[in-house]
Asker: 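So that we are looking at the same thing, I have put the structure below in structure tokens.
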Amino acid sequence: MILSALVVALPLAAVTAGADPVPEPVFSDGQAQPVFDPEDVIREHVWVGAGVDSDHDGTEDVVHAEIVRPRATDHGLRVPVVYQASPYFAGGNPITNHDVDRELYVPGGPAAEITWRYQDYFLARGFAVVYAESLGTGRSTGCPTTGGENETLGAASVVDWLNGRATGRDADGQPRTADWSTGRTAMMGVSYNGTLPNAVATTGVQGLETIVPIAAISSWYDYYRENGAVVAPGGYQGEDADVLAEYVYTREDAEICRPVIDDLAAEQDRLTGDYSEFWDERNYLDDVHRIEASVLAVHGLSDWNVTVSQVAEWYGALAEHGVERKIWLHQSGHADPYSLRRDEWLTTLNRWFSHYLYDVDNGVETEPRATIQREDGSWTEEADWPAPGTADSTLRLGEGGGDRGGLGLRPERGRPTFEWLSDDATKTVEELADAASSPHRLSYGTEAARTDVRLSGTPSVRLRLKFDRPAANVTGVLVDRAPDGSSHVITRGWADPQNRHRDDRTQPLRPGVPYWLSFDLQPQDYVLAEGHRLEFVLLSSDHDFTLRPDPGTGIGLEVTRSTVTVPVVGGTAAMWQAFSRR
């Protein structure tokens, strides 16, 4: 049943005669109501024992947390917590990214008062807000390790403290407890601040009831690497795990973590791009089975910083393990939905937290799991994601990729033929896709669609390739070609053919020898409109994402043996309807 109104009893309220009554949380239509003054708060600081010694100084690391809670909590009211952990509260350092214009490998201080756009909203509705500075940042000790286990445990220690399982002290060293808290905690944040909730949830820490990861990472390998290739988050060419650690390393002692960051730089391995124990430690997908919290995952379908694969694989793993979940997908990039659909978003968030932190029976856990924004800005509710009724459909290439070859459901007849491209990392994907012909890419397109076609999920390619050098980048791109000739990149993906069998193993290429290379492109939910063409573009280096070796590497594609597979609502039947010749 949905409760139209509910007043929560105060377990510890004790109001003396003549005193003003202590406010109580109030719920209407399944949502917490603004009954507290967000300016009448208590702000305090606590340093929580993290249970690790990541700076190796022989002393337990401590996490600095800043607490903002309704003043009524000093008069017996106990409230749940909305908790944001971050490495960014103290700002960042000047940094220099790695040089990406290089040849490919061939084997042989304290911040100001912390605040948040959501703070007053939550405080007014009976939630405390807690901020914690990640290890190695601001007023916390320890070292930043870009997603390492120590950061996860440090952030989790605050949840333990809120539940009486970890020690905390104030600035004077006096013990502090969270006797004002119910212990029930939600974690929420954007980007790195959204990644930490993912990480902490995989510890199964008691008291963490729900998380809201927004534009969050689920595997750091897939943030800085892709199928063995060294890649960069969009807009930050040359960034890597060590660069990010240097940026957030803002604790007072500026030298103690130097050996830790030096080890980070070595172990991340920008030479081969191989998966390793270093990256496995930072792969939260391995531990989804430990999650006890519900998850409201939010991501932008145009996010090329934290790519859509991060939420798609996370959401799929949650489903596999039966975790209560919901997904919000919007058309923007690396963004918080607060600025996209503020009122509807806050309603969803309020109902989510009211249910999971206050046990309000508002039915939020039984509603459609997917909220998706379409290309025209409209929003739809669907049972789940990828869209129900989606099935893979395989397209085959036809000769002529130097200009624009064919792409269709029927295999091309004729003898197998290799078509060649020459790498030129100075050209962007958009430039190459728009070119009517180019020696630096191969392009294959369908007929104009006779009906709309919706892609929902993860496209993939299976390519028969040979190379004239022992190392190369390989980039695959899906493009929407409009009737006027303009193009839009739907999605793309990258691979190192030296990792053609396994992400953790580099195997040299022999020039002139053909190899099979299969890899996924980034997941997407996209409607190809009637009259538009779907194109597959193959190139070598991606100027905006991969390493950029000197031009000239040649890649040959055996056209008629190579395929592109797309997840389509309605499957192959929908593709025949859209693209088969009359």
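Quick caveat: nothing in here was measured; it's all calculated off a predicted structure.
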Asker: Determine, step by step, whether W116 and Y338 satisfy the ring-ring contact (aromatic ring centres under 6.0 Å, His included) criterion, reporting the C-alpha distance in whole Å, the side-chain angles of both residues, the deciding distance to 0.1 Å, and the verdict.
Answerer: CA-CA 12 Å; W116 190 21; Y338 185 98; 9.7 Å; no
Asker: Is it the case that Q119 and Y131 place a side-chain donor and acceptor less than 3.5 Å from each other?
Answerer: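 Yes, side-chain donor-acceptor contact under 3.5 Å.
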Asker: If I take atom CG from residue L264 and atom CG from residue D242, how far apart are they, to the nearest 0.5 angstrom?
Answerer: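 Between L264 CG and D242 CG, I get 6.0 Å after rounding to 0.5 Å.
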Asker: For the side chain of T202 and the backbone of A199, is there at least one donor-acceptor N/O pair under 3.5 Å apart?
Answerer: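 Yes; at least one donor-acceptor contact below 3.5 Å.
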Asker: Measuring only between side-chain heavy atoms, which start at C-beta, is H532 closer than 4.5 Å to P483?
Answerer: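 In short, these two side chains touch, coming nearer than 4.5 Å.
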Asker: Looking at residues at least two apart in the chain, or sitting in another chain, which of them share a side chain to side chain contact (heavy atoms under 4.5 Å, CB included) with E44?
Answerer: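 So E44 forms a side chain to side chain contact (heavy atoms under 4.5 Å, CB included) with I42, I67, R69, R176, W180.
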Asker: Any non-hydrogen side-chain atom of R351 less than 4.5 Å from a side-chain atom of D29?
Answerer: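 R351 vs D29: side chains apart.
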Asker: Could you walk me through whether R184 and D359 pass the salt bridge (Lys or Arg N to Asp or Glu O under 4.0 Å) test, one step at a time?
Answerer: CA-CA 10 Å; R184 307 188 73 171; D359 280 334; 2.8 Å; yes
Asker: Go through the steps for D384 and Y315 under the test side chain to side chain donor-acceptor pair (under 3.5 Å), then give the verdict.
Answerer: CA-CA 10 Å; D384 214 339; Y315 189 74; 2.6 Å; yes
Asker: Are F122 and F353 an aromatic pair, judged by ring center distance below 6.0 Å?
Answerer: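 Ring-ring flag for F353/F122: true, centres closer than 6.0 Å.
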Asker: Indicate whether the side chain of Q84 and that of Y118 have a donor and an acceptor atom separated by less than 3.5 Å.
Answerer: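 No.
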Asker: Tell me, which pairs form a disulfide (SG to SG under 2.5 Å) where one or both residues lie in residues 113-152, sequence neighbours left out?
Answerer: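 Every disulfide (SG to SG under 2.5 Å) pair that includes a residue of residues 113-152, provided the two are not neighbours, is C143-C257.
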Asker: Strictly by modelled atom types, are N193 and S86 linked by a side-chain donor-acceptor pair under 3.5 Å?
Answerer: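 Checked: N193/S86 side chains pair up, N/O donor to acceptor below 3.5 Å.
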Asker: Side-chain contact, heavy-atom cut-off 4.5 Å: T390 with V568?
Answerer: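 The answer is no; the side chains never approach within 4.5 Å.
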Asker: Would you please test L244 and W220 for side chain to side chain contact (heavy atoms under 4.5 Å, CB included) and show each step?
Answerer: CA-CA 12 Å; L244 185 52; W220 284 89; 3.8 Å; yes
Asker: Does a sphere of radius 6.0 Å around CD in Q206 hold more than 12 heavy atoms from other residues, nucleotides or ligands, not counting ones at 6.0 Å or beyond?
Answerer: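 No - once you tally the heavy atoms of other residues, nucleotides and ligands closer than 6.0 Å, there are 12 at most.
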Asker: When the aromatic ring centroids of W328 and W385 are compared, is their separation below 6.0 Å?
Answerer: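 Not under 6.0 Å, so no.
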Asker: Can a salt bridge be assigned to the pair E365 and R325 using a cut-off of 4.0 Å between side-chain N and carboxylate O?
Answerer: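 Looking at R325 together with E365, the answer is no, because their closest N to O distance does not fall below 4.0 Å.
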Asker: Main chain of D343, side chain of T347: is a donor-acceptor contact present, judged purely on distance under 3.5 Å?
Answerer: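 Confirmed, T347 side chain pairs with D343 backbone.
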Asker: I'd like to know whether the aromatic ring centres of H488 and Y526 sit less than 6.0 Å apart in this structure.
Answerer: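 Under 6.0 Å, so yes.
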Asker: Is a side-chain donor or acceptor of N283 paired with a backbone partner of W279 at a separation under 3.5 angstrom?
Answerer: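 Checking the backbone N and O of W279 against the side chain of N283, no donor-acceptor pair under 3.5 Å is found.
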Asker: State, with a plain yes or no, whether a side-chain heavy atom of V429 is found less than 4.5 Å away from one of V489.
Answerer: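 When only atoms from C-beta onward are counted, V489 and V429 do touch, with a gap below 4.5 Å.
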Asker: Taking it one step at a time, do R270 and D240 satisfy side chain to side chain contact (heavy atoms under 4.5 Å, CB included)?
Answerer: CA-CA 8 Å; R270 285 184 65 83; D240 213 325; 2.7 Å; yes
Asker: Do D434 and R481 meet the salt-bridge criterion of a basic N to acidic O distance under 4.0 Å?
Answerer: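 Salt bridge between R481 and D434, a charged N being under 4.0 Å from a carboxylate O: yes.
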Asker: I'd like to know if D336 pairs up with R117 as an ion pair, taking the criterion as any Lys NZ or Arg NE/NH1/NH2 lying under 4.0 Å from an Asp or Glu carboxylate oxygen.
Answerer: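 Looking at R117 together with D336, the answer is yes, because their closest N to O distance falls below 4.0 Å.
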Asker: With side chain to side chain contact (heavy atoms under 4.5 Å, CB included) as the test, would you mind laying out the steps for W161 and V63 before giving the verdict?
Answerer: CA-CA 11 Å; W161 176 74; V63 175; over 6 Å; no
Asker: With a 3.5 Å distance limit and no angle check, can you tell me whether E281 reaches the backbone of E149 through a side-chain donor-acceptor pair?
Answerer: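 At least one qualifying donor-acceptor pair exists.
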Asker: Tell me whether S456 contacts the main-chain N or O of A387 through its side chain, where contact means a donor paired with an acceptor under 3.5 Å.
Answerer: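 Confirmed, S456 side chain pairs with A387 backbone.
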Asker: Checking H330 side chain against S332 main chain: does a donor-acceptor pair fall under 3.5 Å?
Answerer: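 The answer is yes, because a donor-acceptor pair under 3.5 Å joins these two groups.
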Asker: Take T203 and Y284, measure what side chain to side chain contact (heavy atoms under 4.5 Å, CB included) needs, and give me the verdict at the end.
Answerer: CA-CA 10 Å; T203 69; Y284 311 127; over 6 Å; no
Asker: Suppose the criterion is salt bridge (Lys or Arg N to Asp or Glu O under 4.0 Å): which pairs have a residue in residues 452-461, not counting sequence neighbours?
Answerer: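 Listed by first then second residue: E382-R454, R454-D525.
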Asker: May I ask you to check whether W494 and F545 place their ring centers less than 6.0 Å from one another?
Answerer: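 Judged by ring-centre distance (under 6.0 Å), W494 and F545 do meet the cut-off.
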Asker: Show every donor-acceptor pair shorter than 3.5 Å between a side-chain atom in residues 304-312 and any protein atom, with sequence neighbours excluded, or say none if there are none.
Answerer:
from: N305; atom 1: OD1; to: Y223; atom 2: OH; distance (Å): 2.6
from: T307; atom 1: OG1; to: S309; atom 2: OG; distance (Å): 3.3
from: T307; atom 1: OG1; to: Q522; atom 2: OE1; distance (Å): 3.1
from: S309; atom 1: OG; to: Q522; atom 2: OE1; distance (Å): 3.2
from: Q310; atom 1: OE1; to: S218; atom 2: N; distance (Å): 2.7
from: Q310; atom 1: OE1; to: S218; atom 2: OG; distance (Å): 3.2
from: Q310; atom 1: OE1; to: S219; atom 2: N; distance (Å): 3.0
from: Q310; atom 1: NE2; to: S219; atom 2: O; distance (Å): 3.1

Asker: Which atom names give the shortest non-hydrogen contact between A72 and V22, and what distance separates them?
Answerer: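 Smallest heavy-atom distance, with atoms named: CB-CG1, 3.7 Å.
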Asker: State, to 0.1 Å, how close D520 and S460 come at their nearest heavy-atom pair, and which atoms those are.
Answerer: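 Nearest heavy atoms, D520 then S460: OD1-CB, 3.4 Å.
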Asker: Locate the shortest heavy-atom distance separating A201 from I211; write the atom from each residue and the value.
Answerer: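 Heavy-atom minimum between the residues: CB-CD1, 3.8 Å.
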Asker: Walk me through whether H543 and T426 qualify under side chain to side chain donor-acceptor pair (under 3.5 Å).
Answerer: CA-CA 6 Å; H543 177 274; T426 68; over 6 Å; no
Asker: I'd like to check R139 versus H45 (side-chain heavy atoms, cut-off strictly below 4.5 Å). Are they in contact?
Answerer: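 A side-chain contact exists here, since the closest heavy-atom pair is under 4.5 Å.
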Asker: Just by distance, with hydrogens left out, do N97 and Q237 show a side-chain donor and acceptor under 3.5 Å apart?
Answerer: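 Per modelled atom types, N97 and Q237 side chains form no pair under 3.5 Å.
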Asker: Would you check if there is a donor-acceptor pair between the side chains of W352 and T210 at a distance under 3.5 Å?
Answerer: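 Yes.
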Asker: Looking only at non-hydrogen atoms, find the nearest pair between G273 and V230 and report the distance.
Answerer: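 Answer, listing the atom of G273 first, then V230: CA-CG2, 3.9 Å.
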Asker: Just jot down the side chain to side chain donor-acceptor pair (under 3.5 Å) partners of H289, sequence neighbours excluded, or say none.
Answerer: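 Scan of H289 (side chain to side chain donor-acceptor pair (under 3.5 Å), adjacent residues dropped) gives none.
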Asker: Minimum heavy-atom separation for A241 to T146, with atom names?
Answerer: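 Here A241 and T146 meet closest at O-OG1, 2.7 Å.
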Asker: To the nearest 0.5 angstrom, please state how far the NZ atom of K326 sits from the CD atom of E367.
Answerer: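 Output value for this atom pair is 6.5 Å.
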Asker: Are any non-hydrogen side-chain atoms of V200 and M187 less than 4.5 angstrom apart?
Answerer: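 Yes; the side chains approach each other to less than 4.5 Å.
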Asker: Which atoms form the tightest heavy-atom contact between P197 and M188, and what is the distance?
Answerer: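 Between these two residues, the closest heavy atoms are CG-N, 3.9 Å.
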Asker: Side chain to side chain donor-acceptor pair (under 3.5 Å) between Y224 and E239: does it pass, once the steps are laid out?
Answerer: CA-CA 8 Å; Y224 288 124; E239 186 189 302; 2.4 Å; yes
Asker: Is there side-chain contact between Y121 and L346, with heavy atoms separated by less than 4.5 Å?
Answerer: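 Yes; the side chains approach each other to less than 4.5 Å.
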Asker: Strictly under 6.0 Å, is that where the ring centroids of F127 and Y358 end up?
Answerer: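 Between F127 and Y358, the centre distance is under 6.0 Å.
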Asker: Just so I know, are the side chains of T141 and S54 near enough to count as touching, which here means a heavy-atom distance under 4.5 Å?
Answerer: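 Contact flag for T141/S54 side chains = no.
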Asker: Would E324 and Y356 count as having a side-chain donor-acceptor pair, cut-off 3.5 Å?
Answerer: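 There is such a pair between these side chains.
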Asker: In chain order, what residues pass the salt bridge (Lys or Arg N to Asp or Glu O under 4.0 Å) check against R492, with sequence neighbours excluded?
Answerer: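 In terms of salt bridge (Lys or Arg N to Asp or Glu O under 4.0 Å), with neighbours along the sequence ignored, R492 is linked to E430, D542.
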